[in-house]
Every structure is written in structure tokens, then in C-alpha cells.
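Notes to accompany the following structure.
These numbers were taken from a predicted model, which means no experiment stands behind them.
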Amino acid sequence: VQLQASGGGLVQAGGSLRLSCAASGRTSSRYTMGWFRRAPGKEREFVAAVNWSGGITYYSDSVKGRFTISRDNAENTVYLQMISLKPEDTAVYYCAATRVVDTTTPSAYDTWGQGTQVTVSS
């Protein structure tokens with residue numbers, strides 16, 4: 001499977017963005033999908049994940065209540081709706097896929113998109 005992330009941009013603090021991750025290739029497999037981010041000078045960190053059916057979601061404590069992950073399997077797309085954005089959310093956001101069931105561990109994800117920049121100004 002190949003992944004293409006989009007939807008990043010520049011937004012003021014308190015604003016919203018929706019990221020999309022379009023999958024192509026062998027999309028018939030049941031992948032857990034995740035969003036991760038890497039801020040300048042920091043390690044890559046988990047943001048959110050959703051199981052193959054979309055019925056189970058996971059969030060990091062830093063985004064819980066502000067971000068929502070969802071997926072449309074008919075469109076082979078995963079979304080990350082982000083509201084109440086903060087300057088500390090500034091990072092390159094990556095979508096990723098894994099056949100491992102319901103994992104939030106970056107090393108378990110074996111397919112990664114190219115990343116999309118999110119910049120939140122104060």
C-alpha cells in the first residue's frame with residue numbers, strides 16, 4: 001500500500017485543520033492506520049490511530065479531546081480533524097499503516113506517507 005498525506009498548512013492558534021491520507025495499492029488488507037508527528041528537534045511521536053473498521057480509536061494525551069481520527073474504507077482515506085490548535089502542535093504530520101492490530105508503536109508501522117507540514121502561529 002502507498003500513502004499520500006495532504007491538508008497541512010498555516011493556521012492561527014485556536015484554528016482548525018483536517019488532514020487526509022489517501023491509500024492506494026493493496027488497500028483490501030485490514031490495516032491499522034495511524035498519524036504521527038515530528039516537531040523540529042524532537043522525536044517522532046504518536047498522535048492518533050484507528051483500527052481497520054474505524055470502530056476503535058487511540059489518542060495521545062496531548063491531543064485527546066481536540067483531534068479526531070476517522071476513516072472511510074470505501075474511499076481508502078483516513079482523516080485527522082484537528083481543532084483548538086496550539087503552537088505546540090506545529091510539526092510535520094505523517095500517516096502510516098500496519099497490519100499489526102491496534103498498535104500505537106511507531107516501529108510497528110511499516111508503511112509511511114511523505115508528511116504534511118502543520119504550522120500553528122500564536
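Between the side chains of R99 and Y31, at least one donor N or O sits under 3.5 Å from an acceptor N or O.
Looking only at side-chain heavy atoms (C-beta outward), S60 and F67 stay at 4.5 Å or farther from each other. Y58 is listed as a side-chain neighbour of F46, based on a closest heavy-atom distance under 4.5 Å. With a 4.5 Å cut-off on side-chain heavy atoms, Y79 and D72 count as touching. Counting heavy atoms from C-beta outward, D89 and R37 have side chains that approach closer than 4.5 Å. Here the side chains of Y59 and T68 are in contact, with some heavy-atom distance below 4.5 Å.
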Check the pair Y94 / L3 against side-chain contact (heavy atoms from CB on, under 4.5 Å), numbers first and verdict last. CA-CA 9 Å; Y94 300 88; L3 304 175; over 6 Å; no

Between side-chain atoms of residues 106-113 and protein atoms elsewhere (two or more places apart, or another chain), which donor-acceptor pairs fall under 3.5 Å?
unit_1	atom_1	unit_2	atom_2	d
Y109	OH	T103	O	2.5
W112	NE1	Y109	O	3.0

Side chains of residues 114-122: which donor-acceptor partners sit under 3.5 Å, not counting sequence neighbours?
unit_1	atom_1	unit_2	atom_2	d
Q114	OE1	A5	N	3.2
Q114	NE2	A5	O	2.8
T116	OG1	G8	N	3.1
Q117	NE2	A91	O	3.4
Q117	NE2	T119	OG1	3.3

Side chains of residues 11-19: which donor-acceptor pairs under 3.5 Å do they make with residues two or more places apart or in other chains?
none

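Using modelled atom types, one side-chain atom of T32 and one backbone atom of V100 make a donor-acceptor pair closer than 3.5 Å. No side-chain donor-acceptor contact under 3.5 Å links R30 to the backbone of S53.
Checked against M33 for a side chain to side chain contact (heavy atoms under 4.5 Å, CB included), the options N51, V50, L80, T98 give a single hit: V50.
Hydrophobic clustering (ILVMFWY, side-chain heavy atoms < 4.5 Å, transitive): L85 and I69 are in one cluster.
Taking both residues in full, the closest heavy atoms of R38 and K42 are given as CG-O, 3.5 Å, listed atom of the first, atom of the second, then distance. Closest of all the heavy-atom pairs between A23 and V1 is CB-CG2, 3.8 Å.
Between K64 and D61 there is a salt bridge, since a side-chain N of the basic residue sits under 4.0 Å from a carboxylate O of the acidic one.
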